[in-house]
2 protein chains.
Amino acid sequence: MTEAGLSTRGEKKERTRRAILDAALRLSEETGLGGLSLRQVAKEVGIVPTAFYRHFASIDELGLALVQESFSSLRAMIRDVRRGNPQIEEIVDRSVQVLDEHVRGQRAHFSFIARERNGGSAVVRAAVRQELALFERELATDLARLPMDHWSAEDLHILSRLIVVAMIAVAEEILELPDREGSAIRDRARTQLLMLIVGALNWRSRPAEEK
Amino acid sequence: MTEAGLSTRGEKKERTRRAILDAALRLSEETGLGGLSLRQVAKEVGIVPTAFYRHFASIDELGLALVQESFSSLRAMIRDVRRGNPQIEEIVDRSVQVLDEHVRGQRAHFSFIARERNGGSAVVRAAVRQELALFERELATDLARLPMDHWSAEDLHILSRLIVVAMIAVAEEILELPDREGSAIRDRARTQLLMLIVGALNWRSRPAEEK
DNA sequence: AGTTTCAGTGTACGCACGTTCACTGAAAGG
DNA sequence: CCTTTCAGTGAACGTGCGTACACTGAAACT
C-alpha cells in the first residue's frame, strides 16, 4: 500500500503547505510580504517556527509560490472572459463583470499582486513584473484576433499595456471599498474601457501626423 | 540678537530634520517605509536613536511628511507642464518630456509614491491615495480648459484617472531602468497619451449607444 | 520485523528593534 | 550673569526575530 484515504505522508505535508500559503496570503494583506515573519506564519498555521523550513527555504521562496498562485487566478480570469462569446460589443460588459467577480472572489490574490508589484523584496517584485509583462503580451495576442487592421505589434502592445494598467486601477478601487456595492465602480470601469476602445478604433485611421 | 549666520538653534534643528527626511527617503527605496527602522535612520543621519523623537513621534509621522514632500514634487511637475504654451498638439511631447525629466530628477519622490500607494502602513497609504485623488481632480479641471465640448464632469474625471494611471505606469518604467536611455520609453509614453487623446476627441461625438 | 525517512518538536543563541529615563551642554532669554 | 530651554546623549529594559541543533515518532520501504 502506498496511498491511503486521507493521511498518507505526502498528503499531510501538502495540507500543511497549503495552510502556510493561505496564512501568508492573509497575514500579508495587513503588513505586506516584507513585514511578514516566519514566526507569525508558523503560529498562525499551528506549527513550530523551525518546521517552516520543511516547506520553504525562506519567506522570499514562499513569496515566489504566492506569485505563481496569484497569476493562476489572473489567468483563470481572462480564460473566463474568453469563454462565452467574442461579440464585439458585449465584450466590455462581460470583461468588467468578470473582473469584478474575480477580484471580489480572489481578493487576496489581486491584493497581493497590486502590493508586491512595487513594494517588498526585490526578487518577488521582479517575479511579479515578469508575470505581468507576460500577461500583457498574452492580452496583445488576444487583441490581435479582434478586427483591428493595420495595427503594428508595437501599437498592440501599447494598447494592451493601457488596458492592463486601467484594469489594475479598477481592481485597486474594488479592493479599497469592500462593503460598498460597486455598481458605480463598474460603470466607471465600463466607461474607461469604452474610451480606450473608441481611441483604438480611431487610431491608425486618423493620426498620420508623426510618420 | 536672535538669528546668527549659520548656527542658530532653529537652523541646526531644521538641518537635522532634513537629514532625517533624506535618509528615510533613500533607505526606504530598498526596504519600503514599512521595513524602515528608527535605528537605521538615526545611524544613517549620525544621531542617537532617541534623538529621532525630537523631530517625529513615529515612523508613520515621518511618512506623512514624506507624502507631503513627494506630492510637492508632483505638483511642481504639472506646474512645469502648464508653464510654457498650451498648444494643443505640442502638449503631448511637452508632458512626456517634463515627466521624464522630473522622474529622473526626483526619482526618490516618485518611487515613494508608487511604492507607498499600495504597500506600507495604513495611514500613509491613505494619505497617498487622498493626495492622488486630489491630483486627479486638479488634472480634470485642467482638461476642462481644453476644447472638449459636451463633456460631463464625470467623464472628465474618468479620462483624468486614465491619464494619471497611464503616466504612473510610465514613471514606474522609467524608475525600473535607471541607466538605459529612455527614448523608447518616451516614445511609448507619447503613443499612450496620443491614443488616450484620440479616444477623447472621438468620445462624445461617437458613442450614443448607452443613453 | 527491522530499518530508514522525514514532518514536526523544543531549546537555546545572538541580534535588532522601539521605548524609558536621567543626563549634558550650549544657545536663547531674563 | 544667571536661568531656562531643548537637541542630542548613553545606558538599560523587554520583545520578537531568524536560525542552529539534537530530538521524536509514525509512515514508508525492504
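In this text the structure is predicted, and so the values were computed from the model without any measurement. Order of the sequence lines fixes the chain letters, A, B, ..., with proteins taken first and strands second; residue numbering starts at 1 for each chain.
In the set dT19(D), dC17(C), dG10(C), dC17(C) carries the atom at the smallest distance from any side-chain atom of R39(B). Which of dC17(C), dT9(C), dA26(C) sits closest to the side chain of R9(B) comes down to dA26(C). When each of dA27(D), dC17(C), dT19(D) is scored by its nearest atom to the side-chain atoms of P49(A), the top-ranked nucleotide is dT19(D). In the set dC17(D), dT19(C), dG10(D), the nucleotide with an atom closest to the side chain of V48(B) is dG10(D).
Atom CD in E11(B) sits roughly 14 Å away from atom C1' in dA28(C) (whole-Å rounding). The CG-C1' distance, from L36(B) to dG18(C), rounds to 13 Å in whole Å. Rounded to a whole Å, the CG atom of L38(B) is 14 Å from the P atom of dG8(D). The interatomic distance linking K12(B) (NZ) with dC6(D) (C1') rounds to 13 Å, in whole Å. Atom pair I20(A):CD1 and dA7(C):P shows a separation of 11 Å (rounding to whole Å applied). The interatomic distance linking I47(A) (CD1) with dG10(C) (C1') rounds to 14 Å, in whole Å. Straight-line distance from the NZ atom of K43(B) to the C1' atom of dG8(D): 18 Å, rounded to whole Å. Protein atom CG of L27(A) is 15 Å distant from nucleotide atom C1' of dC17(D), rounded to whole Å.
Listed in residue order, the members of residues 51-66 of chain B having a heavy atom less than 4.0 Å from DNA chain D are A51(B), R54(B), H55(B).
Note on T8(B): a side-chain N or O is less than 4.0 Å away from OP1 or OP2 of dA28(C). Distances shown here put a side-chain N or O of K13(B) below 4.0 Å from the OP1 or OP2 atom of dA7(D). Put simply, T50(B) has no side-chain N or O that comes within less than 4.0 Å of OP1 or OP2 on dT20(C).
A salt bridge between R115(A) and E29(A) is absent, with no side-chain N of the basic residue lying under 4.0 Å from a carboxylate O of the acidic one. A salt bridge does not link R186(A) with E173(A): every distance from a Lys NZ or Arg NE/NH1/NH2 to an Asp or Glu carboxylate oxygen is 4.0 Å or more. The residues R129(A) and E176(B) are annotated as salt-bridged, a charged nitrogen and a carboxylate oxygen being separated by less than 4.0 angstrom.
Partner V123(B) forms a side-chain contact (heavy atoms from CB on, under 4.5 Å) with one of V128(B), V67(B), D60(B) and no other, that one being D60(B).
Using a 4.5 Å heavy-atom threshold, the side chains of L159(B) and W151(B) count as touching. Looking at heavy atoms from C-beta onward, L194(A) lies in side-chain contact with W203(B) at the 4.5 angstrom threshold.
In this structure, the separation between CG on L33(A) and CZ on R125(A) is 12.0 Å, given to the nearest 0.5 Å.
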